[in-house]
Amino acid sequence: MTTGVAVPGPDGALRCPWALSTVDYVSYHDEEWGRPVHGDDALFERLSLEAFQSGLSWITILRRRPGFRAAFAGFRIEKVAAFIETDRDRLLADPGIIRNRAKIDATLANARVLADWAEGELDALIWSHAPDPATRPAPKTLADVPAVTPESTALSKALKKRGLRFVGPTTAYALMQACGLVDDHLETCVARSAP
């Protein structure tokens with residue numbers, strides 16, 4: 001049982017406790033989570049995967065990420081937007097992804113919406129909701145990490161207003177954490193000070 005504070009990993013460095021719950025998490029925690037992500041396709045991928053994660057553990061998605069990338073044409077917006085009914089049927093039968101009809105349909109619909117946006121528009125919209133880091137003290141324990149914030153609620157509303165689906169405030173906040181809009185690595189976590 002964890003106390004919610006940073007704990008030493010196999011190398012002795014302190015990490016967020018969730019990062020040590022499975023070996024698959026260590027590199028994701030150290031090298032990806034909380035690092036700034038830019039680019040419409042890259043953000044579409046993260047947004048889609050966060051939507052697929054809804055109701056599941058992130059490790060389920062992380063372990064299937066290669067399958068998701070293969071199934072969804074590397075999450076290139078223009079390619080996914082061009083998917084037709086046979087692609088949808090293929091996705092619903094693909095054991096390499098989460099075969100949830102509503103989430104697959106939302107991903108395809110979101111790609112069609114985003115295909116009409118100007119280049120860089122998704123990136124600009126998402127990053128416009130990043131809070132000022134000076135207003136967010138480093139969390140000392142997991143209890144200090146919120147699930148929803150005013151910024152994630154505003155981001156969710158902005159995305160929904162523009163026609164995107166499966167982008168509730170909790171999903172929006174998970175996206176903000178994963179893509180570096182906020183740094184929720186614990187205060188003593190080795191990844192917090194990493195470049």
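Note that the structure is predicted; figures quoted are calculated from it, not measured.
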Minimum heavy-atom distance [X]-[Y], with the two atoms named:
| X | Y | result |
| --- | --- | --- |
| Val37 | Ala42 | CG1-CB, 3.8 Å |
| Val148 | Pro169 | CG1-CB, 3.8 Å |
| Cys16 | Cys189 | N-SG, 3.6 Å |
| Ala19 | Val26 | O-CG2, 3.3 Å |
| Pro95 | Arg64 | O-NH1, 3.8 Å |
| Arg88 | Leu108 | CB-CD1, 4.1 Å |

Report the distance from atom [atom1] of [X] to atom [atom2] of [Y], rounding to the nearest 0.5 Å.
| X | Y | atom1 | atom2 | value |
| --- | --- | --- | --- | --- |
| Asp94 | Asp89 | CG | CG | 12.5 Å |
| Leu155 | Leu125 | CG | CG | 6.5 Å |
| Lys79 | Asp87 | NZ | CG | 11.0 Å |
| Asp24 | Leu62 | CG | CG | 6.5 Å |
| Lys157 | Leu159 | NZ | CG | 13.0 Å |

Quick one, Ser48 with Phe75, criterion side-chain contact (heavy atoms from CB on, under 4.5 Å). Give me CA distance, side-chain angles, the key distance, then yes/no.
CA-CA 9 Å; Ser48 300; Phe75 288 97; 3.6 Å; yes
Using side-chain hydrogen bond (donor to acceptor under 3.5 Å, both in side chains) as the criterion, list what pairs up with Asp11, not counting sequence neighbours.
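With neighbours one apart ignored, the set is Arg15.
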Residues that Glu78 engages under side-chain hydrogen bond (donor to acceptor under 3.5 Å, both in side chains), provided they are two or more places apart
none
Does any pair with a residue in residues 168-178 pass side-chain hydrogen bond (donor to acceptor under 3.5 Å, both in side chains), and if so which ones, sequence neighbours excluded?
Arg136-Tyr173, Tyr173-Asp184, Gln177-Asp184
Please name all residues satisfying side-chain contact (heavy atoms from CB on, under 4.5 Å) with Glu121, sequence neighbours left out, ordered by chain then number.
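So Glu121 forms a side-chain contact (heavy atoms from CB on, under 4.5 Å) with Trp117, Ala118, Arg162.
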Strictly by ring pair (Phe, Tyr, Trp, His ring centres under 6.0 Å), give each pair with a member in residues 131-164 just once, sequence neighbours left out.
none
Between Trp58 and Trp33, is the ring centre distance below 6.0 Å?
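Between Trp58 and Trp33, the centre distance exceeds or equals 6.0 Å.
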Those residues at least two apart in sequence (or on a different chain) that pass ring-ring contact (aromatic ring centres under 6.0 Å, His included) with Phe68 are Phe52
Salt-bridge test for Glu32 and Arg35: reply yes if a basic N is under 4.0 Å from a carboxylate O, no otherwise.
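Answer for the salt bridge query: no.
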Hydrophobic clustering (ILVMFWY, side-chain heavy atoms < 4.5 Å, transitive) - are Tyr28 and Leu14 grouped together?
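Result: no, two separate clusters.
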